[in-house]
Amino acid sequence: MSNVNVPLARPKITPIAAFDDNYIWAIVAPQGYCCWVVDPGDAAPVLAFLAQNSLTLAGILITHHHSDHTGGILALKETFGSLPVYGPANPAIKGITRALTEEGEYRLEPGQGRFALECRLFKVPGHTLDHIAYLIGDALFCGDTLFCAGCGRLFEGSAEQMYHSLNQFAALDDNTKVYCTHEYTLANLRFANAVEPDNQALTDYQLAAEALREQQQPTLPSTIGREKAINPFMRCQKNTLQSVLEAHSGHPCHDPVSRFAVLRRWKDNF
């Protein structure tokens with residue numbers, strides 16, 4: 001008998017398209033009999049995906065309270081009964097069965113089957129105050145905090161909060177895959193090019209992203225390494241951004257948080 005260690009099979013992560021530009025992420029068991037879903041804003045595409053792939057639903061992960069991330073919870077619970085729903089401790093989210101209130105390591109138990117998830121939980125306020133993110137293996141499910149080449153709007157939190165939330169992600173391994181929940185990449189790249197027109201990594205990636213979208217393929221997942229190279233919101237510590245942001249705003253931008261604030265206001269009106 002061989003003593004060579006065989007690596008454990010990894011789950012397959014598949015996007016389920018919803019609305020105009022949302023992705024509901026399906027984390028499918030290696031054996032293929034069940035899956036978890038992340039941020040099901042609509043139950044219908046999830047049910048269709050499960051039927052097409054002969055899967056049952058093990059559980060639901062929620063990142064924040066916006067309806068395009070939570071709208072399908074109750075219908076999915078009606079269909080599957082005692083379904084575990086993990087998410088922020090926010091009473092505005094109907095259907096949560098376990099509120100996750102502390103950062104750290106969790107074992108997320110399924111409602112059916114044996115497909116539990118081991119995750120590291122981050123609290124990442126900025127887009128909303130209740131926003132959390134899940135790191136499962138090398139996959140980061142970051143909701144609307146980090147996008148490919150961009151970040152979420154500041155609906156509830158401050159620029160300082162969002163800057164520090166993104167810094168938590170920047171500390172992860174560069175190979176960490178980024179599974180955000182909107183296909184905003186091309187619009188974000190246009191803005192990033194306005195900020196850093198001489199960024200060669202950005203120019204190169206834009207060509208690749210445009211080719212994917214021409215074939216109606218997702219640009220996701222991204223990686224932390226890529227975002228640190230092309231995403232201006234992940235590059236606020238770079239002094240090279242200071243002059244362009246000061247020229248745009250007419251105000252000094254000596255520190256990363258002030259640069260982030262100028263970037264976010266600029267993007268909101270781009």
Side-chain angles (χ1 to χ4, degrees), residues 11 13-19 21-28 34-47 49-50 55-112 115-137 139-147 151-153 155-157 161-162 165 168-169 178-182 220-221:
I13 302 172
T14 301
I16 304 171
F19 307 118
D21 51 34
N22 281 62
Y23 292 129
I24 301 165
W25 293 105
I27 307 170
V28 183
C34 70
C35 72
W36 293 73
V37 292
V38 184
D39 285 349
D42 185 4
V46 174
L47 293 170
F49 173 82
L50 296 171
L55 298 172
T56 190
L57 190 57
I60 296 173
L61 307 181
I62 298 295
T63 62
H64 65 292
H65 67 268
H66 286 163
S67 61
D68 62 322
H69 297 251
T70 63
I73 295 174
L74 295 182
L76 291 172
K77 287 184 72 174
E78 266 187 38
T79 302
F80 290 96
S82 58
L83 194 67
V85 182
Y86 292 85
N90 185 340
I93 308 174
K94 304 305 180 187
I96 295 286
T97 62
R98 181 168 178 197
L100 302 174
T101 59
E102 301 297 331
E103 293 187 310
E105 306 293 330
Y106 287 87
R107 180 179 173 86
L108 310 178
E109 296 290 350
Q112 299 183 46
F115 183 37
L117 298 176
E118 304 287 343
C119 89
R120 178 179 169 192
L121 183 79
F122 298 89
K123 296 175 97 171
V124 285
H127 180 65
T128 64
L129 293 177
D130 67 344
H131 210 303
I132 59 177
Y134 305 84
L135 180 65
I136 300 171
L140 177 67
F141 297 93
C142 53
D144 287 358
T145 298
L146 174 63
F147 296 129
C151 74
R153 287 177 178 263
F155 286 118
E156 297 174 5
Q161 285 177 312
M162 183 67 105
S165 293
Q168 291 190 75
F169 297 158
V178 177
Y179 292 90
C180 50
T181 46
H182 288 280
L220 302 171

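Inspection of the His131 and Gln161 side chains reveals no N or O donor paired with an N or O acceptor under 3.5 Å. Checked by atom type, the side-chain pair Thr181/Asp144 shows a donor-acceptor distance below 3.5 Å.
Taking 4.5 Å as the limit, some side-chain heavy atom of Pro40 sits within range of a side-chain heavy atom of Ile60. Between Thr128 and Asn90 the shortest side-chain heavy-atom distance does not fall below 4.5 Å. Contact check for Leu117 versus Leu61: side-chain heavy atoms found under the 4.5 Å cut-off. Side-chain contact between Leu108 and Trp36 is present, with heavy atoms from C-beta onward closer than 4.5 Å. Looking at Pro15 and Leu220, their side chains never come closer than 4.5 Å, going by heavy atoms from C-beta outward. Considering only heavy atoms from C-beta on, Leu55 comes within 4.5 Å of Phe49 through its side chain. With a 4.5 Å cut-off on side-chain heavy atoms, Leu50 and Cys35 count as touching. Side-chain atoms of Phe19 and Asp21, non-hydrogen and from C-beta on, never get closer than 4.5 Å to each other.
Across all their heavy atoms, Ile24 and Pro45 have their closest contact at CD1-CG, 4.3 Å. Residues Ile96 and Ala99 approach most closely at CG2-N, 3.8 Å, considering heavy atoms. Glu156 approaches Asp130 most closely through the heavy-atom pair OE1-N, 4.5 Å. For the residue pair Arg98 and Arg107, the shortest heavy atom distance occurs at NH1-O, 4.4 Å. When all heavy atoms of Tyr106 and Thr101 are compared, the closest pair comes out as OH-N, 4.2 Å. Pairing each heavy atom of Ile73 with each of Gly95, the nearest pair is CG2-CA, 4.0 Å.
Between the side chain of Tyr86 and the backbone N or O of Glu109 there is at least one donor-acceptor pair closer than 3.5 Å. Listed for the Asn22 side chain is no donor-acceptor partner under 3.5 Å among the backbone atoms of Gly41. Here the side chain of Asp39 pairs no donor or acceptor atom with the backbone of Gly143 at under 3.5 angstrom. Judged purely by atom type and a 3.5 angstrom limit, Trp25 uses its side chain to pair as donor or acceptor with the backbone of Cys180. Under the 3.5 Å distance criterion, the side-chain polar atoms of Tyr134 are matched with a main-chain donor or acceptor of Ile62. No side-chain donor-acceptor contact under 3.5 Å links Lys123 to the backbone of Ser165.
Ring-plane geometry between His66 and His64 is classed as perpendicular, the angle between the planes exceeding 60 degrees on a 0 to 90 degree scale with a lower cut at 30. Aromatic ring orientation, Tyr179 versus Phe141: parallel (interplanar angle below 30°, classes split at 30° and 60°).
The side chain to side chain contact (heavy atoms under 4.5 Å, CB included) with Cys119 is formed by just one residue from the set Leu100, Ile136, Leu135; it is Ile136.
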